[in-house]
Structure formats: C-alpha cells, structure tokens
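Proteins come first, then strands; the chains are lettered A, B, ... in the order of their sequence lines, and each starts at number 1.
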Amino acid sequence: MSVKKQKASTPKPDNFFEDVYAVVRLIPAGRVSSYGAIARYLGRSGSARMVGWALNNALVLHDVPAQRVVNREGRLSGKIHFGSPTRMQELLEAEGIKVENDQVVDFKERFWDPELELGST
DNA sequence: TAGTTGACCCCGC
DNA sequence: CGCGGGGCCAACT
C-alpha cells in the first residue's frame, strides 16, 4: 500500500484546535479567559502557546471571540494580530470590559475559568 | 530538509 | 521579592 502521508487536502479534525474554539465560544460577554487556563482545561497546560496559534486560525475562521482571550497577566498580548493596534481593546470595551493601558481592569474579577465554570461535577 | 519563531507559562537563581 | 531561561507543539522561511 504505498500510502504516502498526504499532509494537505484533508479535513483535519484537529481536536485540540476545535476544542479551543468551542471553549472560547462559551466565554460569556463581559468575561475574559487566559491561554493557560484553556490549555490546562484541554490537558495541554505546557502548550499554552498552541492555544494562541489556534486563536490565530480562529481569526481566519471569524467565528471565535478571540478578543476575550488574554494572557495570564490580563494583558492584551494578541492585540497586535487584530490588524489594528486598538481593535482588540475596542471589541472588549464594546463587550463591557474596561481596558486601561492594554490591560484588563479587574481582570481577576473578569477572569473566566473553563475548568471552574464547566468542569464542576 | 532543517532551523527558528511564536497571541505563553512555570521554575530556578 | 525581581529577573532570566527552559519547555511545549506547530507553522513559517
């Protein structure tokens, strides 16, 4: 069976990426989450960077509110990828989230942990 | 083909 | 208590 590895032309069911989109989509308006929290919830605590990559693809898909996802400092680390230097902040303010100096105000109170909200049995 | 970067986080000094 | 380096996995050059 000379089955060569066709890396392209495949639906690519990347569960990890898809799962990231699902969790981010579950984030309610007015709340924010962090890469590490999502990564940990998916079982990839060490691969928090991949969450960022997933969201990067999310921007292309245009179906995920990536603006609600920030780093563990509550800082808009990914605002650079929104095309405009203030795009992410504007979106967050539109959701009711206050942002000062590229930093989410009361981030600790606005923080939304998937494992805490969803993973509660 | 292989090397480097990257929307990060944690540990050690 | 502050700063630096390593680790993680995938995509880009």
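- Interatomic distance, CD of A:E95 versus CD of A:Q67, reported as 6.0 Å (0.5 Å rounding).
- Comparing C:dG7, B:dC10, B:dA7 by their nearest atom to the side chain of A:R49 picks out C:dG7.
- Here C:dA10 presents its C1' atom at 6 Å from CZ of A:F17, a figure rounded to the nearest Å.
- Using atom P as the reference point in both B:dT5 and C:dG5, the two lie 14 Å apart (nearest Å).
- Nucleic acid contact class of A:A54 (heavy atoms, under 4.0 Å, all strands): none.
- For the pair A:V70 and A:M50, nearest-nucleotide mapping onto DNA chain B gives the more 5' position to A:M50.
- Spacing between atom CH2 of A:W53 and atom P of B:dG6 amounts to 10 Å, rounded to whole angstrom units.
- Between A:W112 and the options A:I38, A:I27, A:V69, a side-chain contact (heavy atoms from CB on, under 4.5 Å) holds for only A:I27.
- Considering only side-chain atoms of A:S34, the nucleotide from B:dA7, B:dC9, C:dC9 that sits closest is B:dC9.
- Nucleotides B:dT4 and C:dG6 place their P atoms 14 Å apart, quoted to the nearest Å.
- What separates CD1 of A:I27 from P of B:dA7 is a distance of 19 Å, to the nearest Å.
- Across the protein-nucleic acid pair, A:Y41 atom OH and B:dC9 atom P stand 19 Å apart, rounded to whole Å.
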Show the numbers, then the answer: is there a salt bridge (Lys or Arg N to Asp or Glu O under 4.0 Å) between A:K98 and A:E93? CA-CA 6 Å; A:K98 269 203 196 144; A:E93 289 189 330; over 6 Å; no
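- Among B:dC8, B:dA7, C:dC12, the nucleotide with an atom closest to any side-chain atom of A:L59 is B:dA7.
- Residue contacts for A:R40: at a heavy-atom cut-off of 4.0 Å it reaches the sugar-phosphate backbone alone, with no base atom in range.
- A:R44 has its CZ atom 15 Å from the C1' atom of C:dG7, to the nearest Å.
- The shortest distance between the side-chain N/O atoms of A:R87 and the OP1/OP2 oxygens of B:dA7 is not below 4.0 Å.
- The distance between atom OH of A:Y35 and atom P of B:dC9, rounded to the nearest whole Å, is 8 Å.
- Phosphate proximity of B:dC8 to A:S77: present, with a side-chain N or O under 4.0 Å from OP1 or OP2.
- Distance, A:E73 CD to B:dC10 C1': 13 Å, rounded to whole Å.
- Cluster annotation: A:W53 and A:L61 are assigned to the same hydrophobic cluster (Ile/Leu/Val/Met/Phe/Trp/Tyr, side-chain heavy-atom contacts under 4.5 Å, transitive).
- Atom CG of A:N57 and atom P of C:dC9 are 18 Å apart (whole Å).
- Considering only side-chain atoms of A:N71, the nucleotide from B:dC10, B:dG6, B:dC8 that sits closest is B:dC8.
- Closest of all the heavy-atom pairs between A:F111 and A:A37 is CZ-CB, 3.8 Å.
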